[in-house]
Engineer: 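Let me give you the structure first, and then I'll get to my questions.
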Amino acid sequence: MFKSVLKNHIADSYLDGDSSLLDDDTELLALNIIDSAALFDLVAFIQQETHKQIQMQDINPINFASINTIDALLQTTAEET
Amino acid sequence: MDSTGSIIETFETVCHRYPDNTALICKHTTLSYSELLACVRAWSSAIDQTLNASKSNNKVLIYLDKSLAYVEAIYATLSQGGTYIPVDATQPIERVQLIIEQAQPDIIITTALRKETLEPLLTDKNIHHHFLTLEGFESNKSQYQQNPIEPFVKPDPSHIAAILFTSGSTGVPKGVQITHQNLSYFIDWAVTELKITDQDCLSNHAPFAFDLSTFDLFAAGTTGAASWIITHDQQRDVKELSHGIKNHGVSIWYSVPSVLSMMINAGALTTSNNATLRHVIFAGEPFSLKGLAALKAALPNETSLYNWYGPTETNVCFSHKVTDDDFTRSSLPIGAPLPGLDAILLPQETQDKHHPNQHCGELLISGPCVTPGYMNVEKPEITAHHKVHQHPTGDLVILQDNLYFYQGRLDDMVKINGNRVELGEISNCIDQLPTIKQSVVIYTEGTETPKLIVFATLNHQDSKVNILQIKKHVSTQLPKYMIPNSLVILHRFPLNPNGKVDKKALKTLALEG
């Protein structure tokens, strides 16, 4: 389940390793958990873990608003061949 | 630009001289200068009718999303000889309320929904204001447009054109007053330096509450150039930014460095979309030479790069045009003062008084760029300077080879993505949490990925608090860029020999990670 991998990564990298209170709808950008610099590190992590290529036009505040929106994006993103 | 007139007089002339030029672009809508002028007249009439009086010194607080209407309302205010007070609509309502309490505007321009939220909160505090809603304006627009058209009011150069609220260390935002003379001085210089004409298109990336926006708006509005108003949801969307530069033929880009770095990291600046860029200007925070080199490599050879510097109290007062030599230095210079300004380096107490280093000290700016000070905060030591058009910046600066270099701050104020932040304002907010006994916030400025780190002691040793709780609490009161990144719980704070919290020791702890 990639959502739990993502959740652990976000907690470890951006929340002092503490995942309590972090849920799939927690606002990642609005709460400044992910800022514009961290966003591209997160994209690199997701691509590495899922072998999916995220296009530039998909890197936007709507798709990266929460773990759930990222997951929804990944559902529509094809794996690299 | 006509150097003898105010920006609003020049704007009126430009509207008549270039009626068919595109003045504003926002999302899929464009306005020509003649259309913009008609809208400005209508807003002006709406303000008068809402206040039931025609007055030339209204304070108009604008609490809208970035939009064409926001710009129209700004120009309408200035056309009546009033003062515009821009509020960033993305910040929490508590902070907006604080700004309103401090600003005491004659009228608030906002949406019906925001009025519905705001009015009862203000009424509870026995504060009553006139409201003009965007919806009310739109529904009566034709009636407002039919009213007799009055000429623009010619403002006195010393009259306050805008009040921009910035972070205050006590938790109360400070309102920096900007005169017509301040704006004219800066815009006049910028238009000449960059040779801006009615053929240019300027990006407007910064929120209107941020002093960077005065360049984009008024440099365009006084030359007949176009301004591309970048909305909040487009500001960090690299695809939107990339397409906008290409589709609108942006020739002058101005933003904080972090936005440029974001575009570079995403590969969003390419020769296929940036061929029209004549100038790329950045300000608000230091740009690393590594980041700058990546930017330069992505731009056409003929695009010039500028580093502008200046606190809100002076707006831009230093400029540096990037040269190849800069890439051999250890940091990028802030350059030299604009023509007509003086820079003095004040020796620091820590220096040897008998052998002061004249090339290092707190930068004091003197000249017509210096604003008359704060509307709501009395700082006697600074007010005395402002009266004689001087501003002690609080920035430590060195002078080498006739170029000035920024070295850091002398106090707790930091710049985050170009926004001024008093760290004490964040601590005050965190201290409201019942579990927190005391907090001190440190910013690891100068590192590759600077962070806001909270050091805190707890009221009870067995209390629990984590960074996400703090983020959620701070997000209800302060703008996003002031939300901390990390939390460190201490049993007690390290103290310096004076018995105060040793912030240097905390910074060392923060840097050690």
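In what follows, every chain begins at residue 1, and chains take the letters A, B, ... in the order their sequences are listed. Predicted, not measured: the structure shown is a model, and the values here were computed from it.
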Engineer: Could you please state which residues from residues 475-484 of chain B sit under 4.5 angstrom from chain A, measuring non-hydrogen atom to non-hydrogen atom, sorted by number, or 'none'?
Structural biologist: B:S475, B:K480, B:I483
Engineer: Can you tell which of B:Q234, B:M262, B:K471 has the highest number of heavy-atom pairs within less than 4.5 Å of chain A?
Structural biologist: B:K471
Engineer: Against chain B, label A:Y14 side chain, backbone, both or neither, depending on which of its atoms sit under 4.5 Å from a heavy atom there.
Structural biologist: backbone
Engineer: Would you mind checking which part of A:L22 comes under 4.5 Å of any heavy atom in chain B, side chain (CB onward), backbone (N, CA, C, O), both or neither?
Structural biologist: both
Engineer: Any idea which heavy atoms bring A:T50 and A:L74 closest together, and the distance?
Structural biologist: CG2-CD1, 4.3 Å
Engineer: State whether B:F208 and B:K66 meet the cation-pi test: NZ (Lys) or CZ (Arg) under 6.0 Å from the six-membered ring centroid, and within 45° of the perpendicular axis.
Structural biologist: yes
Engineer: Calculate, to the nearest 0.5 Å, the distance between atoms OG and CD1 belonging to B:S272 and B:I245 respectively.
Structural biologist: 11.0 Å
Engineer: Under a 4.5 Å heavy-atom cutoff, which of A:L29, A:D58, A:T26 has the most pairs with chain B?
Structural biologist: A:L29
Engineer: Counting only heavy atoms closer than 4.5 Å, note whether B:S261 contacts chain A via side chain, backbone, both or neither.
Structural biologist: neither
Engineer: Would you say the side-chain atoms of B:K246 and B:N274 include a donor-acceptor pair closer than 3.5 Å?
Structural biologist: no
Engineer: Between the side chains of A:T69 and A:N63, does any donor sit under 3.5 Å from an acceptor?
Structural biologist: no
Engineer: Which atoms form the tightest heavy-atom contact between B:L423 and B:V414, and what is the distance?
Structural biologist: CD2-CG2, 3.9 Å
Engineer: Measure B:Q469 against the heavy atoms of chain A and call it side chain, backbone, both or neither at under 4.5 Å.
Structural biologist: both
Engineer: Please identify, among A:S20, A:A37, A:A38, the residue contributing the most non-hydrogen atom pairs under 4.5 Å to chain B.
Structural biologist: A:S20
Engineer: Of the non-hydrogen atoms in B:A206 and B:Q235, which two are nearest, and what is the gap between them?
Structural biologist: C-NE2, 4.1 Å
Engineer: Taking all heavy atoms of B:L212 and all of B:Y254, pick out the closest pair and write down the distance.
Structural biologist: O-CE2, 3.4 Å
Engineer: Identify which part of A:I62 has an atom lying under 4.5 Å from any heavy atom of chain B, answering side chain, backbone, both or neither.
Structural biologist: neither
Engineer: Test of understanding: with salt bridge (Lys or Arg N to Asp or Glu O under 4.0 Å), list the residues that count as partners of B:D65, not counting sequence neighbours.
Structural biologist: B:R114
Engineer: For B:L64 and B:Y70, work out which heavy atoms get closest and say how close.
Structural biologist: O-CE1, 3.0 Å
